[in-house]
Amino acid sequence: MPQLIKELAVKELQEQFSRVHQTGCVVVNYHGVKANEARELRQKVRQMGGRMTVVKNSLFAIAMRNLQVEQIESLLEGPVAVVQAEDPVAAAKAGREITEACDRLQVRGAYVDGQVVGPERVQK
């Protein structure tokens, strides 16, 4: 990927997740999800007031570092999608909902209140 495109992608991710300190986000394993399933999952998250974004780990990590959210890098391994909503509780509910709808998805963890938490805390 050319450098200019990478820079633009990082900038777009930074803009999209600029409120991550207030809203939090949930990282889910996205391996093996088919296109139709992905569309349905995105619709489900949208209906709950959130947004699901499949990210390139390295570019997302750079964007999060620029936003001073470096701890989230520990969750970025393999194909991942990031769920964000207007508040951390809504994001957690949306993350839980889509993992129940698609058994191939698993919650990896979340960024909430300035810290990274594991999947068990997201379920609570």
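These numbers come from the heavy atoms of this one structure, side chains and all, not from hydrogens, waters or symmetry mates.
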For residues 38-55, which side-chain donor-acceptor pairs fall under 3.5 Å, sequence neighbours excluded?
from  : atom 1 : to    : atom 2 : distance (Å)
Thr53 : OG1    : Gln16 : NE2    : 2.5

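- The OH atom of Tyr111 lies 8.0 Å from the CD1 atom of Ile72; values are rounded to the nearest 0.5 Å.
- The distance from atom OH of Tyr30 to atom CG of Leu105, rounded to the nearest 0.5 Å, is 7.5 Å.
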Show me the donor-acceptor pairs within less than 3.5 Å that the side chains of residues 74-88 make with the rest of the protein, sequence neighbours left out.
from  : atom 1 : to    : atom 2 : distance (Å)
Ser74 : OG     : Gln71 : O      : 3.1
Gln84 : NE2    : Thr23 : OG1    : 3.0
Glu86 : OE1    : Arg19 : NH1    : 3.2
Asp87 : OD1    : Val89 : N      : 3.0
Asp87 : OD1    : Ala90 : N      : 2.9

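- Few gaps surround CD on Glu7; more than 12 heavy atoms of other groups in view lie less than 6.0 Å from it.
- Remark: side-chain polar atoms of His21 are not paired, donor with acceptor, to backbone N or O of Val112 under 3.5 angstrom.
- With sequence neighbours excluded, no residue forms a ring-ring contact (aromatic ring centres under 6.0 Å, His included) with His31.
- Contacts of Asn66 classified as side chain to side chain donor-acceptor pair (under 3.5 Å), with partners at least two apart in sequence or in another chain: Gln14.
- If you take CD on Gln115 and CG on Asp113, they are separated by 7.0 Å, rounding to the nearest 0.5 Å.
- Hydrophobic clustering of Ile, Leu, Val, Met, Phe, Trp and Tyr side chains at less than 4.5 Å, counting indirect connections, unites Val20 with Leu59.
- You'll find the side chain of Val10 stays beyond 4.5 Å of the side chain of Leu8, heavy atoms only.
- With a 6.0 Å radius and a threshold of 12 heavy atoms from other residues, nucleotides or ligands, Arg121 has its CZ atom at or below the threshold.
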Would you be so kind as to tabulate the donor-acceptor pairs closer than 3.5 Å made by side chains of residues 95-102, with sequence neighbours excluded?
from  : atom 1 : to    : atom 2 : distance (Å)
Thr99 : OG1    : Gly95 : O      : 3.2
Thr99 : OG1    : Arg96 : O      : 2.8

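- Here CG of Asn57 is found 11.0 Å from CD1 of Ile62. Values are rounded to the nearest 0.5 Å.
- For Glu37, the side chain to side chain donor-acceptor pair (under 3.5 Å) test picks out Arg104, with sequence neighbours left out.
- Note on Val116: it does not cluster hydrophobically with Val28, by side-chain heavy-atom contacts below 4.5 Å among ILVMFWY residues.
- Smallest separation of non-hydrogen atoms from Val122 and Ala110: CG2-CB, 3.5 Å.
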